[in-house]
Peer 1: 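Sharing a structure here in structure tokens format.
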Amino acid sequence: MSDTHTLDTLIQSLRRLPGVGVRSAQRMAFHLLQHDREGAQLLSRALQDAVAQVRHCTLCHTFTEAEVCATCSDPRRDATKLCVVETPADQAALERTAAFKGRYFVLMGKLSPLDGIGPRDIGVAKLIERASDGVVQEVILATNFTAEGEATAHVIGQALKSRGFTVTRLARGVPAGSELEYVDLGTIAHALVDRR
């Protein structure tokens, strides 16, 4: 339709979101334009504001509006423990548990040789610099348990261990409340190896 260039641009823009295909993007665009123009304006302003104001923390790389994020500037956090995660979403998930009171380093990605993403691309040198502040005693690798996450943890772990750091990895195993007969074999195998 030659007279809907703006609508087509909106749909294509919505498709850039992860997990959003053509039909979902169309539904969102039609809903916003037909039923919620005020919501569309709010969304537009929120996106513009976020792009203009949100940046990376100079210490941990998570998203923040300040130069240093609230977690890094909180004196109550345990500065001797540094937890390495792939994304700000992973950091937020760990924070929701309220189980970790240390500090973070957000890689903003993971190793992926097939996509041309190597150690330099995810900031391994910056992580080593951060860990070398004289305060950090333990680096906890909390990358995802995917092939890329495991490779990332391995490369970072080797680089840190060669410099004398204590490096630990998140435990893997059977989820709480699950029944063994329904747990996948890889998870059971890892739980046996990592038993305590």
Side-chain angles (χ1 to χ4, degrees), residues 12-22 24-25 50-51 54-64 69 71-72 81-133 136-176 178 180 182-196:
Q12 291 306 313
S13 297
L14 290 168
R15 283 192 63 207
R16 295 178 69 111
L17 295 170
V20 177
V22 176
S24 294
V51 169
V54 175
R55 59 176 135 174
H56 295 286
C57 172
T58 56
L59 294 177
C60 75
H61 288 149
T62 198
F63 291 132
T64 183
C69 72
T71 302
C72 287
K81 292 183 177 31
L82 185 66
C83 184
V84 179
V85 295
E86 292 178 17
T87 66
D90 295 335
Q91 178 188 356
L94 283 171
E95 279 296 287
R96 284 192 301 273
T97 69
F100 182 68
K101 301 298 181 195
R103 301 231 167 116
Y104 294 93
F105 186 87
V106 182
L107 295 169
M108 301 305 285
K110 59 188 171 253
L111 295 179
S112 182
L114 294 176
D115 297 321
I117 300 172
R120 287 188 178 135
D121 301 310
I122 61 170
V124 173
K126 180 104 171 148
L127 166 61
I128 292 169
E129 180 185 324
R130 170 81 191 274
S132 301
D133 65 1
V136 174
Q137 295 175 6
E138 177 186 7
V139 178
I140 303 161
L141 301 176
T143 56
N144 293 312
F145 290 105
T146 61
E148 293 91 351
E150 291 285 358
T152 302
H154 177 74
V155 168
I156 291 171
Q158 292 301 317
L160 290 169
K161 285 177 187 174
S162 71
R163 289 168 175 80
F165 288 99
T166 299
V167 179
T168 58
R169 179 85 166 110
L170 284 186
R172 300 179 273 205
V174 179
S178 63
L180 283 180
Y182 300 113
V183 176
D184 68 279
L185 299 179
T187 300
I188 293 172
H190 283 297
L192 282 169
V193 171
D194 296 338
R195 70 187 181 278
R196 55 186 165 110

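Residue numbers run from 1 in the order of the sequence given.
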Peer 1: Is a donor on one side and an acceptor on the other found under 3.5 Å between the side chain of Thr143 and the backbone of Glu86?
Peer 2: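 Not confirmed, Thr143 side chain does not pair with Glu86 backbone.
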Peer 1: With a sphere of 6.0 Å drawn around CG of Leu185, does it hold more than 12 non-hydrogen atoms of other residues, nucleotides or ligands?
Peer 2: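 Result for CG/Leu185: open.
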Peer 1: Would Glu138 and Thr168 count as a side chain to side chain contact (heavy atoms under 4.5 Å, CB included) if you check the C-alpha gap in whole Å, the side-chain angles of each, and the deciding distance to 0.1 Å?
Peer 2: CA-CA 7 Å; Glu138 177 186 7; Thr168 58; 2.8 Å; yes
Peer 1: To the closest 0.5 Å, what do you measure between CG (Leu94) and CG (Leu170)?
Peer 2: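 Between Leu94 CG and Leu170 CG, I get 6.5 Å after rounding to 0.5 Å.
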Peer 1: Restricting to salt bridge (Lys or Arg N to Asp or Glu O under 4.0 Å), what partner residues turn up for Arg169, sequence neighbours left out?
Peer 2: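 Salt bridge (Lys or Arg N to Asp or Glu O under 4.0 Å) check on Arg169 returns Glu150.
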Peer 1: Rounded to the nearest 0.5 Å, how far apart are CG of Leu82 and CD1 of Ile140?
Peer 2: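 Leu82 atom CG to Ile140 atom CD1 measures 8.0 Å (nearest 0.5 Å).
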Peer 1: Return yes if some donor-acceptor pair links the side-chain N/O of Arg120 with the main-chain N/O of Ala125 below 3.5 Å, else return no.
Peer 2: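 Between the backbone of Ala125 and the side chain of Arg120 there is no qualifying donor-acceptor contact (under 3.5 Å).
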Peer 1: Which residue pairs pass the salt bridge (charged side-chain N to carboxylate O under 4.0 Å, His left out) test when at least one of the two sits in residues 88-97, sequence neighbours left out?
Peer 2: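 Residue pairs passing salt bridge (charged side-chain N to carboxylate O under 4.0 Å, His left out), neighbours aside: Arg77-Glu95.
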Peer 1: Which value, rounded to the nearest 0.5 Å, describes the distance between Asp115 atom CG and Lys110 atom NZ?
Peer 2: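 Rounded to the nearest 0.5 Å, the CG-NZ separation comes out at 9.0 Å.
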Peer 1: Write down the atom of Val136, the atom of Ala131, and the distance for their closest heavy-atom approach.
Peer 2: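 Where Val136 meets Ala131 most closely, the heavy atoms are CB-O, 3.5 Å.
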Peer 1: Which atom names give the shortest non-hydrogen contact between Pro175 and Ser178, and what distance separates them?
Peer 2: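 Smallest interatomic distance, heavy atoms only, reads O-OG, 2.7 Å.
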Peer 1: Over all heavy atoms of both residues, which pair between Ile128 and Ala159 is shortest? Give the atoms and the distance, please.
Peer 2: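 Closest pair (atom of Ile128, atom of Ala159, distance): CD1-CB, 4.0 Å.
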Peer 1: Between atom NE2 of His61 and atom OG1 of Thr87, what is the distance when rounded to the nearest 0.5 Å?
Peer 2: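 Nearest 0.5 Å value for the NE2-OG1 distance: 14.0 Å.
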Peer 1: Sequence neighbours excluded, which residues qualify as ring-ring contact (aromatic ring centres under 6.0 Å, His included) partners of Phe165?
Peer 2: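 Per chain and number, Phe165 pairs via ring-ring contact (aromatic ring centres under 6.0 Å, His included) with no residue.
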Peer 1: Any heavy-atom pair between the side chains of Leu127 and Ile122 that's under 4.5 Å?
Peer 2: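 A side-chain contact is absent here, since even the closest heavy-atom pair is not under 4.5 Å.
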Peer 1: If every non-hydrogen atom of Asp121 is compared with every non-hydrogen atom of Ile117, which pair is closest and at what distance?
Peer 2: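 Looking at all heavy atoms of both residues, the closest pair is OD2-CA, 3.4 Å.
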Peer 1: Going from CD on Gln12 to CG on Leu14, what distance comes out if it is rounded to the nearest 0.5 angstrom?
Peer 2: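 Between atom CD of Gln12 and atom CG of Leu14 there are 9.5 Å.
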Peer 1: Are the side chains of Thr71 and Tyr104 in touch, meaning some heavy atoms are under 4.5 Å apart?
Peer 2: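 Answer yes - side chains close enough.
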Peer 1: Give, for atom NZ of Lys81 and atom OG1 of Thr166, the distance between the pair rounded to the nearest 0.5 Å.
Peer 2: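 One finds 10.0 Å between NZ of Lys81 and OG1 of Thr166.
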Peer 1: How close do Leu111 and Pro119 get, counting heavy atoms only, and between which atoms?
Peer 2: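 In terms of heavy atoms, the two residues are closest at CD2-N, 3.3 Å.
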Peer 1: Do Phe63 and Met108 come close enough that some side-chain heavy atom pair is under 4.5 Å?
Peer 2: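 They are in contact (side-chain heavy atoms under 4.5 Å apart), so the answer is yes.
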